[in-house]
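Let me begin by presenting the structure, written as structure tokens, before commenting on it.
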Amino acid sequence: MMMRRFPVVVALASAVVLHAGAQQAPTGTRAVVEALASERFEGRLAGSNGERMAGDYIASQLAKIGAKPLPGRDGYFLPFDFTAGSRDGGSSLTVASALHPSAFKTTADVQALSFSDNAEVSGPVVFAGYGIVVPDSQNFGYDNYAGLDVKNKIVLVLRYFPEDADQKTRAILARYADLRYKAMAARQRGAVAMLVVAGPHSPNAGDTIPMSFDTALAGSGLVAASISGKVAGEIFSAAPENTLDAAQKALDSGNPHVPGFTFPNLTVTVRADVVREKQSGRNVAAYLPATDAPGNSADNAEKPWVVLGAHYDHLGRGANGNSLAGKDEMGRVHFGADDNASGTAAVLAIGEELSRQPRRRNVMLTLWSGEEFGLIGSSAFMATPPIPTDRIEAYLNFDMVGRMQDNKLTVQALGTSPVWAKIIEQANVSAGFDLQLQQDPYQPTDVASFNLASVPCLTFFTGTHADYHRPTDTADKIDYADLDRVVRFAASITRKLEDLDRAPQFTKVDQSLPSGAGRAGVRVFTGTIPDYSTEMKGLLLSGVIGGGPAEQAGLQKGDVIVEIAGQSITNIYDYTFALELLKIGQPAKVVYLRNGQRKDTTLTPAARK
Amino acid sequence: MAVMCIFGQIPSAPPPQYKESDFLTRVRRLTVEGKRAGEGYWSPDGQRIVFQSEREPGNPFYQIYTLDLSTGETARVSPGIGKTTCPFFRPGSDEILFASTHADPKSKELQDEELAFRASGKERRYSWDYDPEMDIYVYSQKTDALKRLTTARGYDAEGSYSPDGQWIVFSSMRNAYNRTLSAEEQKLLEVNPSYFAEIFIMHADGSGQKQLTNTAGYDGGPFFTPDGSRIVWRRFDEKGLIADVWTMKPDGSDQKRITDFGSMSWAPYMHPSGEYILFASNKLGFENFEIFMVDSQGTKEPVRVTYSDGFDGLPVPSPDGTRLAWTSSRSGGAAGQLFLADWNHEKALEAIRRAPLRKPKS
Ligand SMILES: [Zn+2]
């Protein structure tokens, strides 16, 4: 009985609170972080019940500040649909040769790739090596389809890229070894299906590929599936003078002249069935109307806007592949106190502060969902903007701002406008941070969505740490005094933006990543936690994962990796790229700086599934 | 037992090891705008800093700005054209001193040349060119008036006031231009003009200019000690590779070597307590400048203060001795910016007390 009456009492109490309105003392960053990072919200996975409850909580906080629903809306929620994941709904494959037809049905033998079309196709099979085509523009001359006619046929390709090729060859081929890129190459040549097998000399040899989380809604225009070594063996039995083992060996030197071939007297039928789980998430948005905007448009939406945003979603229990939970932590709630209850609390606190002052521009407070799935919430906002995006004069983003170390605050995307340097300089004289400034707006957070829409933007970040994307990112580890300093700093930057006579000018920053083709994806595990906050030469480690290869190699927080397996490392991109080329289980020499001294060690990478 | 053990260890303990946070806390970056900034000097009330920065649109060289530490506002106090350097607040007045080349009719041309060079994408190693057109000026913040104090051909710069605001010490290369140089000297002037630099003193109105040093090699960067009784400066050897900190009386007598550090030790500035001198040295590597400190008499070995990658130099303590402004490239890139931190004076005194005695070498 008591249990049943208790919630009623709580409901009454909260009704009273809402009535109190402006008299209510601000909730404070600590209370917001503790609420969002509590067990109750179950890690706030976009589309989950925990995310819905967290959204409701945020809406109540926005109401408390006195923020209004966006013009023309009567609520704070901006729902959007997305693909939360995919699973195999029962793909199958039959091999019909003159000798012995055989059928396969389990995911251990045949599994659709997440981007496959749902269809059944039959045809002869062509072995096309690694299925890699290096574009002519690279002047490298590597085309596994050279001399092959695959029109209306099924291609069988090896996963990854030639294992024993020299460093330079591997470096180039790795760039075109992404499965989506291989599928595109097959489709462009008229193939109806692509089968992928991890060869006996590759990592994950003979295994099918688990259905990866993939947010793409569209298929790739062909049937694509991974098959086991057993199924591939069955297909190869149609070519008695050849084996998968021998075929891979011939290719692994990187020799570009190993021809593909058609299996004689063989027809394969493959049916792919991908079930894409559609879900819907909610951005939460409200605004503080301008009190004396320049010009006098009666339409609030037409007045200039400054947008403040942070994502409030996190990883739930970490089932979607981007969790870094250790073995003993798997399946537990990922509280996401720093990522990104801290940023959410910051946006609410800045809003609270600004709500008490006159404003020359509308201030929008947006809390995104779907960020951890790939900036889905902020992209959806930009795709169907609730206000004209050309009226958004600036965007400030907060992602992981609760774990300051040594007074260091990273501010990124300064290259998006010439106004930032002066504004940040002025605001920091009293804020007093040891600023780490970066021009690059191509960051793995919602600021990227605004940069793409040509909005001057900044993103604030206090650096990564060993609890990143693990269940141990909890509210008790947040440094609230410094979080409140970030709030005051950003509020002062927002006020300076409000005071500008003209809209800040947007400047485009060139992307420093090699673009174009896909990437094979990092397949090795080293257990290093890079520090993304500096632009220093080399890769500064903000930590190593306990028991991982890096720790075993004696690397520690503060070390700067400058070379790995003979590849010099000047930035995070070089590092990611060098990792792609490492071989699992094969020791690699790592050169690093510790307290300015050059040292080296040997690191043995483990496999990442 | 435990207590005994601890006591027993003290005499054989190795020299104490420090880290940056022992001396500097709440490190913060003060300047962001512009390609580089540095040489920050405090106003006597500790409320403002005057510094040089490359941030004037259309001018690729340093201009002089004041930064208000309560509002974060900056204001340019130099003419905006030409090159400037080495500002200093005049105590007890509204005046600010700095060196400038704006009177050179070629100023605009030189700016455009440098801008074109940078636009071409080429990079040159940053170096200071000791422009012979550089002269010392004083600017009145009240009236905006700019008064020229030196006229001699040759670089006149690196000026600073005595605590009573009545005297200016500075560095000048005029001796390379006021007589006929030998062929050997002429060659020296081309490759290493600072060889001719000596310390001078003058009245605050520019009168009575008098040479205080007379040794081969760059004598520069002079500042009065807080009580005005001495001048602290750095003296390079003839080749310009080794420099050490020296002090002397304002009449040029009693020249005394403070460091013998076998490296480029320069930009000395005495802490307001008068107890120690902060300076920069590349003791740890030719391009790795760090800030050190040494007792005012130079009886001890210097103690290292900064421990960060990149350049750290030009340390200037606040008038109340509780903060330190300096120039650093710790935030990345080759160009320096102005930094500020809280200064732990007690810890500094203790570290100096515990420093080993200087080994007699010279
Ligand atoms: Zn995250």
Side-chain angles (χ1 to χ4, degrees), chain A residues 404-412 414-415 417-440 458 481-482 485-486 488-489 492-493 495-496 499 505 531-538 540 558-560 562 570-572 593-598, chain B residues 17 19-21 24-37 40 47-49 51 53-57 65-76 283-285 287-288 290 304 306-310 312 323 325-326 328-335 337-342:
Chain A
M404 183 165 291
Q405 293 171 47
D406 303 330
N407 198 31
K408 286 185 168 38
L409 175 65
T410 300
V411 185
Q412 297 161 316
L414 265 75
S417 177
V419 303
W420 293 134
K422 180 160 222 62
I423 288 179
I424 288 172
E425 175 176 289
Q426 276 195 13
N428 192 51
V429 169
S430 54
F433 291 111
D434 187 2
L435 293 176
Q436 315 290 305
L437 302 175
Q438 298 178 4
Q439 305 296 315
D440 192 353
L458 289 179
D482 282 330
R485 287 177 64 214
V486 174
R488 287 194 297 275
F489 179 54
S492 121
I493 288 173
R495 277 193 303 274
K496 290 181 198 306
D499 290 344
Q505 185 198 335
D531 184 328
Y532 294 93
S533 66
T534 74
E535 282 183 345
M536 72 189 297
K537 239 182 165 182
L540 174 65
D559 290 346
V560 180
V562 293
T570 55
N571 55 40
I572 182 78
L593 305 174
R594 179 172 294 169
N595 300 325
Q597 237 137 297
R598 218 177 148 87
Chain B
Q17 294 289 305
K19 52 191 188 305
E20 193 168 287
S21 58
L24 297 170
T25 47
R26 286 205 53 204
V27 171
R28 66 210 87 157
R29 179 169 166 179
L30 272 185
T31 54
V32 175
E33 209 192 344
K35 195 175 165 72
R36 52 171 70 90
Q47 299 294 306
R48 290 190 295 161
I49 283 178
F51 65 101
S53 171
E54 278 184 26
R55 58 173 65 185
E56 197 61 29
Y65 302 83
T66 56
L67 169 65
D68 186 316
L69 292 173
S70 51
T71 63
E73 299 281 347
T74 51
R76 175 163 55 78
K283 183 77 180 172
L284 304 166
E287 300 207 34
N288 178 21
E290 300 289 353
R304 183 176 174 185
T306 56
Y307 289 78
S308 292
D309 286 332
D312 287 284
R323 288 182 287 174
W326 79 103
S328 176
S329 68
R330 58 182 56 209
S331 49
Q337 295 286 350
L338 212 54
F339 281 75
L340 179 66
D342 294 347

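Lettering of chains follows the sequences in order, A, B, ..., and the numbering in each one begins at 1.
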Apply side-chain contact (heavy atoms from CB on, under 4.5 Å) to the pair B:Thr74 and A:Glu425, showing each step before the final yes or no.
-> CA-CA 9 Å; B:Thr74 51; A:Glu425 175 176 289; 3.5 Å; yes
Could you state the interatomic distance from CD1 (A:Ile424) to OG1 (B:Thr31), rounded to the nearest 0.5 Å?
->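 Between A:Ile424 CD1 and B:Thr31 OG1, I get 12.5 Å after rounding to 0.5 Å.
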If you round to the nearest 0.5 Å, how far is CG of A:Leu409 from CZ of B:Arg28?
->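 One finds 14.0 Å between CZ of B:Arg28 and CG of A:Leu409.
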Side chain, backbone, both or neither of [X] within contact of chain A (heavy atoms, under 4.5 Å):
{"X": "B:Thr71", "answer": "backbone"}
{"X": "B:Leu284", "answer": "neither"}
{"X": "B:Asn288", "answer": "neither"}

Can you sort out the partners of A:Arg485 under salt bridge (Lys or Arg N to Asp or Glu O under 4.0 Å), two or more places apart, ordered by chain and number?
->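 A:Arg485 satisfies salt bridge (Lys or Arg N to Asp or Glu O under 4.0 Å) with A:Asp482 only.
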Can you say whether A:Ala427 sits under 4.5 Å from chain B via the side chain, the backbone, both, or neither, judging by heavy atoms?
->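 Answer is neither: A:Ala427 stays 4.5 Å or more from chain B.
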Is any side-chain heavy atom of A:Asn595 closer than 4.5 Å to a side-chain heavy atom of B:Tyr307?
->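 In short, these two side chains do not touch, never coming nearer than 4.5 Å.
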Decide yes or no for B:Val32 and A:Leu435: does some side-chain heavy atom of the first lie under 4.5 Å from some side-chain heavy atom of the second?
->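 A side-chain contact under 4.5 Å exists here.
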Are there more than 12 heavy atoms of other residues, nucleotides or ligands under 6.0 Å from atom CZ of A:Arg598?
->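 No, not enclosed.
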Can you name the nearest heavy-atom pair linking A:Asn407 to B:Val27, along with the distance?
->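 Minimum heavy-atom contact is ND2-O, 2.8 Å.
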Please report the shortest heavy-atom distance between A:Ala421 and B:Glu33, naming the atom on each side.
->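 Looks like CB-CA, 3.7 Å.
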Output, in order, the C-alpha distance, side-chain angles, deciding distance and verdict of side-chain contact (heavy atoms from CB on, under 4.5 Å) for B:Leu30 and A:Asn428.
-> CA-CA 7 Å; B:Leu30 272 185; A:Asn428 192 51; over 6 Å; no
B:Arg29 and A:Leu437: CA distance, side-chain angles, deciding distance, side-chain contact (heavy atoms from CB on, under 4.5 Å) verdict = CA-CA 10 Å; B:Arg29 179 169 166 179; A:Leu437 302 175; 3.5 Å; yes
